[in-house]
Amino acid sequence: MASLAWLLIPLFAAIGAAIWGSWAARDRTSGDISELAGYARFREVMDKTDHTRTKAEVHSGSDAV
């Protein structure tokens with residue numbers, strides 16, 4: 001019976017390795033597409049911002065000496 005227990009340890013390890021390997025090799029292309037779409041929206045918003053503000057408008061007032 002003890003030898004059977006020692007044979008089950010590598011069997012469980014092999015099953016765990018197979019599960020981890022299939023999980024690690026999964027297809028992840030959908031995540032990249034949504035992240036690229038979010039980055040494109042971010043760039044559009046940043047391009048729409050007004051870059052003509054003066055230096056006084058940019059500072060918050062905490063620069064006082």
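Note that the structure is predicted; figures quoted are calculated from it, not measured.
Residues Trp23 and Ile15 fall into different hydrophobic clusters, defined by Ile, Leu, Val, Met, Phe, Trp and Tyr side chains chained together at heavy-atom separations under 4.5 Å. Side-chain heavy atoms closer than 4.5 Å link hydrophobic residues (I, L, V, M, F, W, Y) into clusters, and following such links, even through other members, never connects Trp20 to Ile9. Under a hydrophobic clustering in which Ile, Leu, Val, Met, Phe, Trp and Tyr are joined whenever their side-chain heavy atoms come within less than 4.5 Å, directly or via other members, Phe12 and Trp6 fall into different clusters. If you chain together hydrophobic residues whose side chains sit under 4.5 Å apart, Tyr39 and Met46 fall into the same group.
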